[in-house]
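Remarks on the structure that follows.
Every number for a ligand or one of its atoms is a count from 1 in the order of the listing.
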Amino acid sequence: MSKEQPDLASRGAGTSEAAAGGSNPLRGVGVSPGLAVGPVARLAPPAGEPAAATLAPGADAEAEAGRIASAAQEVAAGLTASAQAVEGERRELLETTAAMASDPTLVKSAQKRVRDRHTTPGRAVWEAAGEVAEQLRGLGGYMAERARDVLDVRDRIIAALTGSPMPGVPQREEPFVLVARDLAPADTALLDPTRVRAIVTAEGGPTSHTAILARALGIPAVVGAPGAPDLAEDSLVLVDGGAGTVTLDPDEAAVKRAERRPTAARAFTGPGRTADGHPVQLLANVGDPAGAQAAAAAGAEGVGLFRTEFCFLDRAEEPGLEEQVGAYRQVLAAFPGRKVVVRTLDAGADKPLPFVTAAEEANPALGVRGLRTARRAPEVLDHQLRAIAAAAEAERAEVWVMAPMVATVAEAEDFVAACARHGLDTAGVMVEVPSAALLAGPILARAHFASIGTNDLTQYAMAADRLLGSLAELSDSWQPAVLRLVEATCRGGAQQDRPVGVCGEAAADPALAVVLVGLGVSSLSMTPRALGDVAAVLEATDLARCQELARAAVDAESAQDARAVVRAGLPVLAELGL
Ligand code: PEP
Ligand code: MG
């Protein structure tokens, strides 16, 4: 990764070590640009299972049982206070958890264990919560989903009993830099960008979902920084999400520079086109109705990737038809008369959904994920297509549907046929597996369009887990092998006269966007914040230049060379501060 530093610094996204002052910076992978300064607040992991132990002889069991009630009250009060300080979904979630901490069922059952069996309070809470969670799971549906909340409350009460830090994202009044080993998608989804100034994680790569969500929220982020766990609580750090550095105790000048830096995204007024007027649709990636509204407000020409699984990430069971139709309709309603590409459930690997994925797979990224989940649960795909068709019928958006992780011509053919059975006439495939890129011709003889998921295409072309920070230089869509697969897909699209888009993170990199357009990609879908930057660079570059730079990138022998040769050929990047 250090090889990339000069290039990142030269595009003005970063600040040099000398400029930041303070000690030598920690290095990681910059995945969401921007400078931010703030005190470290660490995401504490749950303390874990307390040993199965009993009270010391002569201990006062009644007093020990009383400590459980006090700890539960402390947790409920803390959560209620945090809930008051926030709005919307975050508030609801905190209030629900607070209510659960106040519920006497768990406390009474734990106290009984202390009184009757002399179990230690922490162990008693652990056992009692396990039992309550099990009962809830047995009830299924909404109640089963609450099992997670019980376990969250359990971990908090145990932390209060043992004096350990509260697990989860810290709830603080003052803005802070969140430091964690890694973040679960649910943690990241609930982050408040007005409080979390930056994110630093020890794990994770540039296309991990933490990185994607941080970019969507406009929070500067550095992932894969092995030194992150050593950052002390409350120490002041300067995070450079472009250069991938974290400087401890930055000097005053660097702090002032960070505070002066504009955080607003460049405006996009569309439509996307090159300098000579070649149209390039600039679309948004969204995960829920709120994201769709934000994308429409940002001027996106449509939605190029609606990640439907993000509506259902915490669900223990398949959402019902009505609920699905409701969620999809809200997204479609934000884009009347515009294209919305709905991706069917992409469960598996780092996005497990218990109703379609297996808990035990040795290599989940190579396992039953994406469209493959329809092999074991064909009815889930069928229900989802029915819901998408009903939503499309009720709204005015131009609905396209695509399947993730298509690997063979037969899968493409089956998916298109399944869509047709539901009256969904524009059915496509995501190209995320190298086999699909190489077979793009025959696949696109069946499917109506392709959308390249460069995040997974890079993972599978380079055999590098997209979550692994230590392989970040392989998880780079500038790798010439990945660009050659994009080229092969576009060749297949041209043969069949079918459009090929890109909806992976590569589309949001303005320099790489030029290469993709030069290779023949006709739409780019990205986090709405990136639309203005990508549009500005395309508008300054004509198609012939895009093609020349694409050739140079494909012919390069390393990601570093590809990036360097293209960036050197695009002086507009420096002019725009990109
Ligand atoms: C991709 O793989 O590039 C993609 C867009 O899908 P996801 O990031 O949701 O896996
Ligand atoms: Mg993918």
Electrostatic pair Arg369-Asp456, nearest N-O below 4.0 angstrom
yes
Please could you name the atoms of ligand 1 that Cys503 approaches to less than 4.0 Å, counting only its heavy atoms?
5 (C)
Salt bridge check: are Glu413 and Arg446 linked by an N-O gap of less than 4.0 Å?
yes
Neighbour count >12 (heavy atoms, 6.0 Å) for atom CD, Gln495
yes
Looking at Glu432, pick out the N, O or S atom nearest to the Mg ion (ligand 2) and give its name.
OE2
For Val521 and Val502, which heavy atoms make the closest approach, and how far apart are they?
CG2-CG2, 3.7 Å
Shortest non-hydrogen contact between Ala412 and Val406, atoms and distance
N-CG1, 4.0 Å
Counting each atom of ligand 1 from 1 as listed, which ones have a heavy atom of Arg466 under 4.0 Å away?
2 (O), 7 (P), 8 (O), 10 (O)
Aromatic ring pairing Phe449/Trp400, orientation class (parallel under 30°, perpendicular over 60°, tilted between):
tilted
For Glu309 versus Leu353, what's the shortest heavy-atom pair and its separation?
CB-CD1, 4.3 Å
Look at Asp456 and state whether any of its N, O or S atoms is less than 2.8 Å from the Mg ion (ligand 2).
yes
For ligand 1 and Lys351, I'd like to know whether there is a polar contact (N/O to N/O, distance under 3.5 Å).
yes
Output the list of atoms in ligand 1 that are nearer than 4.0 Å to some heavy atom of Asp346, sorted by atom number.
10 (O)
For ligand 1, which atoms, with element, lie under 4.0 Å from some heavy atom of Leu305?
5 (C)
Please state which part of Arg343 comes within less than 4.0 Å of ligand 1, counting heavy atoms only: side chain, backbone, both or neither.
side chain
Run the contact test for Glu505 against ligand 1 with a 4.0 Å cut-off on heavy atoms, strictly below, and give the result.
no
Backbone, side chain, both or neither: what part of Arg307 comes under 4.0 angstrom of ligand 1, heavy atoms only?
side chain
Give the atom numbers and elements of ligand 1 that come within less than 4.0 Å of a heavy atom of Gly504.
3 (O), 5 (C)
Could you tell me whether Glu548 and Arg545 have a side-chain N and a carboxylate O separated by less than 4.0 Å?
yes
Kindly confirm or rule out an N or O of Asp456 lying under 3.5 angstrom from an N or O of ligand 1.
yes
